[in-house]
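Worksheet: the structure to be examined is printed underneath.
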Amino acid sequence: MSTVYALLFIVATLVMVVGLALKIKQYANTPAPLKIPTTPAPTTEAGVVMRLFREVVFFESLFKSTKWTWIFSWMFHMALFVVLLRHIRYFIDDVWLPIVLIQPFGKYAGFVMVIGLAGLFARRILVDRVRYISAPSDYLWLVVLLFIGFSGLMMSFVSHTDVTMVKQYFTGVWTFSGGELPMDFPLMVHLLLVALLMILFPFSKLLHVPGLFFSPGRNQVDNPREKRHLAPWAKTLEEQE
Amino acid sequence: MATAEFDVPELQEYVDVPEVEEGTMAHLKPFVVTNPEHNTDLGFPGELVEDWHGKTLEKLDDLRSRYRSLQVYLDACVKCGSCTDKCHYYLTTKDPKNMPVGRQDLLRKVYRRYFTFAGKYFPKLVGAEDLTRETLDDWYSYYHQCSQCRRCSVFCPYGIDTAEISMAAREILDSIGYGQKYCNEIIAKVHKVGNNLGLPGPAIEDTLEGLEEDVFDETGVEVKFPLDVKGAEILLVTPSADFFAEPHVDGLIGYAKVFHEAGVSWTLSTTASEAGNFGMFIGSYENMRRVSMRVREAALELGVKRIVFGECGHAWRVAYAFLNTLAGPFDFLDPDYPVPQHICEFTKQQIDAGKLTFDKSQNDDMTITFHDSCNVARATRMGDKPGGQMDIPREVIKAACNNYVDMDHNTIGERTFCCGGGGGLLTDDLMEIRVKGALPRMTALNNAVQEHGVTHLAAICAICKSQFTKVMPYYGMDMDQVVSVHQLVSNAIVLTGQRTEDDEEEQDEEA
């Protein structure tokens, strides 16, 4: 079983990294032939960096829109971020100081994450407009993430998994020399769903992560009068004349 | 009071977010192009092609490889629902396909089905759907119920802009010969005659002569309305509605008076007698470029040094955000001025330079509020600072009027509600969606009327002005309540050497 999981994680990592790289390459290579930032927009590169920073860290546009969706999704994403940071300790031997420092928060961030997800799930069911636009996959993503959160919390607070064994396993996973994975049910579920998420990442709506950075509505500098913005295919129109 | 074949919504204090009611607007479709030439003149097939299925997918594939916006926007949506209550058309029709994400999904479902792994193998799971003849009709119906106003994009956490999706969908429809009559006919007219209304040069010349006489009779000052004057400093490109429609033409008089007082020479052009560019509405870069090139050619031919655009929303978007890219570089113009400039930027500079004198009391019979046009507010800028597109027109109004109040802040600035007639919807066959879509703006206006005694709504867009004059009577308001911003300038500006009321009294006494 340990070998199966090792293989699974190697495949999952490869699929996620290669898949995302290809998607990012596609986004980067597709021209944006016109300046279309949603205005008022920053007039400098630095301003655009700030705009994206506010969007990524505070979910600025969503905050403008609806406070309920904002609070639940912000809770979920920020807690997930802290939880992910905390998980770094399972992959490195000398745990960096910042990771040590967030440990107490990281343990409880799991609860915040689950509350946020539950809120988003409730909204998807209860608000008729959101229900209308939801496909089965939209619910399933929330379910997958909820189960990842639950199983993680189980291991921290209910039935402890031998994390030193897990850590030993993962530090050696690339060479198949990490030894045995503890056969705990919550851990099996947790890891299986995480691997699934990684594999599906480049083929799903999780593409909103790289998408935001390539969104012309948010990442363009508002300077069309100062600079021409000619796409290669548009240039050929000029050359035809 | 206008009569309607549909229920006109009643004005309430607020526009409540309605419960979803499927299919309420499925019946509404604009007229399809009937004269094949209106398609072929634009480079599209004359009528629906036989292999529409293959061609549709081919075009979608082509567009997503040429527009990063389309590719990213099709992928990135997480169905968070943030946009669902932001569209004026959804708020008043309850049709979920008029929710921005609902509208996007019409195209996204097909994209997923044919171009994504999940949609190819698990269509039901991710809501992917086959492309059928009904899909095309749905696209035709609902992508022509989008005014491309971008209000949804303000609230999207990824900046997904339904306007981009709707432009792409219209371009796909055009590419298979399923074009909208109103837009394509107009673009064909611009290509042939030079403006959306098909006004020939002599007609424009007549109108301008008439305006010169009117202004002279009124003020005793010879304010010129020059046409095709070589060597003028400024080329004014303005929507053709400014040549005859009310209240547009009063705005044109305002521009002329400002130019006169500023002491600059200026000219209009018969070949570039249209600021509007419907090429944007149909998402066609090629047509948008062709329409834009007229401006460049006119500027070169007349040897002007600057280009100024008149009051028009989408025209200002194409001018501000795209013109340099489409028809530049404008290195033959005076580098001291941005290319192009908005007439409000020009007027504001004259005000700041102290070149204009106003008698604000001339507008004292009105209390004004200002409607931010969607394209100006969310797709352009005026002046150096972000947000200048909101501030500068207001400063111009306040320089000319004593009584000004804003509407509810949730309905102005970047959150402004579309007039309901933008994006190629300003046609009688879409009257139902136009009237309904105007409700949020009408509600905010009505509140300002009730609470602050507002009497007039000022706008800087030809489409907004036409839409409001047509739609306001449905809501029990008067079409004369819509004014051009430069109409207010025109009312209050005191021309050098202008006859004052005292003069007139003296004259009367002498007589």
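For clarity, every value in this text was computed on a predicted model and none was experimentally measured. These numbers come from the heavy atoms of this one structure, side chains and all, not from hydrogens, waters or symmetry mates. Chain naming here is simple, since letters A, B, ... match the order of the sequence lines and numbering starts at 1 in each.
Neither the backbone nor the side chain of B/Lys385 comes within less than 4.5 Å of any heavy atom in chain A. Contacts of A/Gln26 with chain B are made by side-chain atoms alone, with heavy-atom separations under 4.5 Å and no backbone atom involved. With a 4.5 Å cut-off on non-hydrogen atoms, B/Tyr285 touches chain A through its side chain but not through its backbone. Interface remark: B/Arg64 contributes backbone and side-chain atoms alike to the contact with chain A (heavy atom separation under 4.5 Å). In this structure, chain B has heavy atoms under 4.5 Å from both the backbone and the side chain of A/Thr38. Neither the backbone nor the side chain of B/Ala319 comes within less than 4.5 Å of any heavy atom in chain A. Of the two parts of B/Thr116, neither the backbone nor the side chain holds a non-hydrogen atom closer than 4.5 Å to a non-hydrogen atom of chain A.
With hydrogens and angles ignored, the 3.5 Å screen pairs no side-chain donor or acceptor of A/Arg225 with any backbone N or O of B/Val339. A donor-acceptor pair under 3.5 Å is formed between the side chain of A/Ser137 and the backbone N or O of B/Leu125.
Within the model, atoms OG of A/Ser65 and CG of B/Asp85 stand 6.0 Å from one another, a figure rounded to the nearest 0.5 Å.
Aromatic ring centroids of A/Trp70 and B/Phe155 lie 6.0 Å or more apart.
The residue among A/Pro216, A/Gly211, A/Ala135 with the most heavy atom pairs within less than 4.5 Å of chain B is A/Pro216. Among B/Pro329, B/Ala118, B/Gly127, B/Gly388, the residue with the largest count of heavy-atom pairs under 4.5 Å with chain A is B/Pro329. Taking chain B as the reference chain and counting heavy-atom pairs below 4.5 Å, the highest number among A/Arg129, A/Lys205, A/Lys227, A/Lys35 is found for A/Arg129.
Under 3.5 Å, the side chains of A/Asp222 and B/Tyr320 contain a donor-acceptor pair of N or O atoms.
For the pair A/Pro40 and B/Glu414, the minimum side-chain heavy-atom distance is below 4.5 Å. A heavy-atom distance below 4.5 Å is not found between the side chains of A/Val130 and B/Lys79.
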